[in-house]
Amino acid sequence: MDLATRYSHAEVEARWYEHWERSGYFRSVPDEREPFTIVIPPPNVTGVLHMGHMLNNSIQDILIRKARLDGKNACWVPGTDHASIATEAKVVRWLRDEKKLRKADLTREQFLEYAYQWKEKYGGIILQQLRRLGASCDWTRTAFTMDKGYYEDCISVFVDLYRKGKLYRGLRMVNWDPEAKTVLSNEEVIYQTETSQLYHIKYPLVDQKAADSVTSGIVIATQRPETIFADVAIAVNPKDPRYQHLIGKSVRIPLINRHIPVIADEYVDMEFGTGALKITPAHDPNDYEIGQRHQLPIIDILTDDAKLNERCEYPPLIGLDRFEARKRMRGLLEAEGYLVKLEDYTTNIGRSERTHAVVEPKLSLQWFVRMSELGAPALKAVLNREVRFYPENFQNLYRNWMENLRDWCISRQLWWGQRIPAWYLRSEPLNEETHIFVATSAEEALEQARQVTENPQLTLDDLRQDEDVLDTWASSWLWPISVFDGFRKPNGEIRYYYPTSVLVTGWDIIFFWVARMIMAGYEFRGQKPFEAVYFTGMVRDKQRRKMSKSLGNSPDALKLLDDYGADGVRYGLMSSAAAGNDILFDEKLCENGRNFCNKLWNALRLIKSWHVVELPEEESIQCRNALAVEWMRAKFSQVLQSIEADFANFRLSEALLTLYSFIWGDFCSWYLEIIKPGFEKPIDRATYEATLDLFGELMVALHPFMPFITEEIWHRLRERAPGQDCIVQRYPKPSAFDPILVEQIETAKALVTRLREVRNEYHIKPREALSVWVEDSPSSRALFSRNGLAELVCKLAVLSRLERCDAEPAGTKSFLSGTEKYFVEIHQQVDYEAERAKVKQELEYQRGFLKSIEAKLANERFISSAPAAVVENERKKRADALARIQILEETLAKLPA
RNA sequence: GGGCGCAUAGCUCAGUCGGUUCAGAGCACCUGCCUUACAAGCAGGGGGUCGUAGGUUCGAAUCCUUCUGCGCCCA
């Protein structure tokens with residue numbers, strides 16, 4: 001076989017993915033095996049693959065592939081989220097740019113038709129891209145939150161919650177996005193510190209004479225001077241001595257001269273601004289509360305797109321955008337002498353997560369889910385670890401939120417989404433409806449209406465359906481149930497797949513999504529939606545910024561896959577991704593992954609270049625190789641044990657790094673070097689076959705992490721029958737092994753390293769064979785009685801002889817390795833001065849070490865409190881130290897002065 | 001204002017139950033090698049008072065408290 005010295009991933013990856021998919025390996029149907037289920041966090045249908053997706057989906061794929069190799073029925077359900085607000089914004093832009101259409105000119109039906117067109121054409125690209133990464137999803141199950149069945153589930157859940165009294169329509173202060181013209185949930189508002197200006201504005205007292213009206217009055221501080229037209233009072237703290245005399249009096253609003261009262265309210269912070277607060281119930285949540293307490297009117301001066309309306313009573317500003325109006329207010333107030341002071345000010349401004357528009361508090365009639373009852377079981381489930389979080393400390397974040405739940409606003413003023421199944425009587429004015437009919441269909445609603453109104457003559461034309469759609473999260477919270485058709489067929493396959501095994505998601509959507517899925521699980525299924533949640537960190541750049549498209553700091557995911565291969569990228573992401581910790585992404589990590597692929601590839605090339613004969617030429621080679629094979633088997637078992645433990649605790653990066661260092665270090669650097677035949681020499685069949693088997697098992701063990709190259713090598717190692725693919729093998733199991741053997745080989749490795757060091761020190765050529773002796777002792781006899789061990793050392797350290805001796809042979813230099821003393825033949829001049837210094841230094845260290853051990857052992861409380869094994873270990877350490885000290889002392893004594 | 005978290009080598013981070021010669025990995029750095037699988041490589045090496053000050057313990061990077069410096073979430 002002729003193989004290139006470098007592994008090239010491009011052709012290999014495409015070929016194997018296609019083969020796996022065609023072979024049906026990703027497909028899952030319920031059977032008698034134990035299920036292992038993951039539902040993908042559905043990416044937005046508008047999404048394109050970015051670093052976060054790659055991390056998240058690599059983890060899911062690793063877990064799914066591992067489960068498959070463990071013989072479980074692995075089922076990974078893919079799909080996309082309709083992402084109402086994000087997608088609607090995209091469709092609106094597309095219509096404007098491509099079709100020269102404005103949303104306002106379309107009917108709801110026309111718009112939705114275009115939206116589906118857009119979705120068919122551009123949506124779901126990301127699912128194709130996930131294949132490049134190697135994601136072994138069951139594509140036949142691909143779901144979408146706007147699929148017909150899914151849509152119906154959302155509607156029936158709405159009706160169900162309404163009937164149970166867990167859903168209501170109410171007038172509340174909500175977050176309004178004036179650009180998207182929709183309400184937002186609290187979680188969709190992002191607060192950022194921004195600089196603005198604080199206007200100090202004087203409101204003149206009403207009973208003052210016109211002449212000095214501007215000089216006396218009350219000064220308030222506001223960031224939003226344009227909202228003074230919506231003011232209904234000025235509030236001061238009742239304890240504030242500065243304003244006692246004004247409480248109960250009236251002031252005039254500048255420019256429009258409307259009279260408003262001065263009231264007292266505890267809420268007012270005497271320290272802030274001037275200690276006097278303008279009350280604008282329509283445009284501030286706190287003011288709204290105060291207004292309610294004092295039964296003040298509400299004056300809403302803004303339109304849905306945040307322009308001043310006629311209710312502001314000041315014609316020059318009507319129709320202007322709020323920010324434009326604010327700008328003009330400065331000149332207007334100044335001109336009339338109302339502006340007392342202007343100061344710079346930093347504050348938290350809330351912006352829409354999607355449109356980045358400054359969010360406007362707005363009083364609005366919306367649908368809310370009552371969270372108190374839904375939250376209780378969901379909180380309990382996490383606290384008592386029925387649903388386990390990895391890492392566990394996300395419990396704290398979760399609890400903090402769950403204990404302060406506020407009702408969830410689930411209506412959105414959009415068209416792209418599940419339309420709210422509530423009907424009103426056309427005879428009642430908009431937003432003042434007294435009758436609400438919630439039903440799964442218009443006909444059902446009509447039936448209700450006829451009964452309630454006792455008017456059998458009502459027709460569908462007398463009803464009007466709510467114009468709003470559901471918040472996207474009010475559909476995706478049903479994901480783990482709905483993708484298995486759990487609402488319509490509660491006893492179907494969902495009984496097999498649910499609860500799912502693990503959810504893998506970023507911690508940033510713990511409230512948006514994770515918490516709500518847990519609530520939905522208990523509410524609609526009486527059961528948790530998943531056994532465990534694996535929280536991934538955020539992928540950040542080297543400056544710790546979250547990677548985002550708007551910052552342009554995210555590497556092109558597809559280019560990374562092109563450059564390093566999916567295996568390389570997966571390695572790079574995983575090697576630095578302990579659960580929950582943010583990762584600072586560096587392309588260098590992918591380079592490591594690519595290099596690892598190349599290493600594997602070259603190990604294959606080496607093995608495939610060997611000529612095989614039935615028996616080795618010499619017996620010494622046979623026992624050396626046999627020892628190497630035995631050692632590899634033992635060490636591999638040890639490694640597998642630790643990997644199983646890592647998987648059980650979702651310590652995936654640990655598992656990967658363990659495998660990496662076992663393969664690169666133990667397998668390539670040590671094992672292959674031990675068994676590698678000399679130039680143009682053959683290898684014996686037994687060793688060869690054992691090596692192929694071992695390499696194959698290593699590929700299965702590594703497969704979940706790096707699926708493509710492992711499949712490729714698996715097939716190149718041996719001829720495989722159809723269906724004998726790496727992806728469907730059984731994961732290797734650890735077996736009992738001899739820990740003493742593993743330890744002895746470690747001792748031998750340390751000796752080889754020490755000998756190489758000596759070589760470096762004396763500039764001895766790597767191929768120049770050396771003669772070495774080991775001082776006779778019970779421990780050295782024990783070590784070298786291991787069959788093949790001396791041969792192994794000779795091969796790796798390039799020795800011509802390794803023999804026992806009683807006395808120091810002439811012309812040698814001695815050194816210590818482990819607790820043994822060795823002599824190596826040296827023809828070069830030895831610098832005895834330096835040698836003495838080194839030995840002395842080592843001796844000093846060993847004596848200090850011994851002293852600390854002895855102090856420990858002399859302590860009775862240590863002997864009595866520490867576990868026996870720990871005490872025993874200390875005794876062994878003492879014995880070893882004593883042995884070493886003795887050898888070092890002898891060495892020092894014999895060194896020429 | 002309320003809450004959570006972090007601080008370990010030049011950089012990025014592991015370190016599970018408090019106990020091994022346990023202070024580790026990768027990158028970077030230094031020395032020597034184009035050795036017959038791999039220079040995307042091989043062999044070797046230097047480098048950290050585990051942020052600070054206390055405490056608990058026979059024993060602390062690990063548990064508790066203080067301070068300092070960062071980060072995040074909620075309001």
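Computed over heavy atoms, backbone and side chain alike; hydrogens, waters and symmetry mates excluded. In the text below, chain A, chain B and the rest are named by the order of the sequence lines, each starting its count at 1. Bear in mind that the values here come from a model prediction, so they are computed numbers and not experimental data.
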Distances under 3.5 Å between nitrogen or oxygen atoms of protein and nucleotides 3-5 of chain B:
| from | atom 1 | to | atom 2 | distance (Å) |
| --- | --- | --- | --- | --- |
| B:G3 | O2' | A:Asn400 | ND2 | 3.2 |

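The aromatic rings of A:Phe650 and A:Tyr534 lie perpendicular to each other, with more than 60° between the two planes, well past the 30° mark. Using a 30° and 60° split on the angle between ring planes, A:Phe596 and A:Tyr660 fall in the perpendicular class, above 60°. Using the six-membered ring where Trp is involved, A:Phe667 and A:Phe695 have ring planes that are tilted, between 30° and 60° apart.
Nearest-nucleotide positions on RNA chain B for A:Asn649 and A:Cys668 put A:Asn649 closer to the 5' end. The residue among A:Leu657 and A:Asp646 whose nearest nucleotide of RNA chain B is located toward the 5' end is A:Asp646.
Checking B:A28 for Watson-Crick or G-U wobble geometry (two distances, each under 3.5 Å) identifies no partner in any strand. With both pairing distances under 3.5 Å, B:A23 is matched to nothing as a Watson-Crick or G-U wobble pair. Using N1 to N3 plus N6-O4 or O6-N4 for Watson-Crick, or N1-O2 and O6-N3 for G-U wobble, each under 3.5 Å, B:G41 pairs with B:C33. In a base pair of the Watson-Crick type (N1 to N3 plus N6-O4 or O6-N4) or a G-U wobble (N1-O2 and O6-N3), with each distance short of 3.5 Å, B:G1 is matched with B:C74. Nucleotide B:C6 forms a Watson-Crick or G-U wobble pair with B:G69, both donor-acceptor distances falling under 3.5 Å.
Within 6.0 Å of CD in A:Gln223 there are more than 12 heavy atoms belonging to other residues, nucleotides or ligands. Residue-environment remark: CD (A:Glu889) exceeds the threshold of 12 foreign heavy atoms within 6.0 Å. The number of heavy-atom neighbours closer than 6.0 Å to CD1 of A:Ile863, taken from other residues, nucleotides and ligands shown, is above 12.
Contact check, A:Arg6 against B:A40: a side-chain N or O comes under 4.0 Å of OP1 or OP2. Considering only side-chain N and O atoms, A:Lys676 lies under 4.0 angstrom from the phosphate OP1 or OP2 of B:A37.
Base engagement by A:Lys599 is indicated by at least one non-hydrogen atom pair under 4.0 Å involving a base atom.
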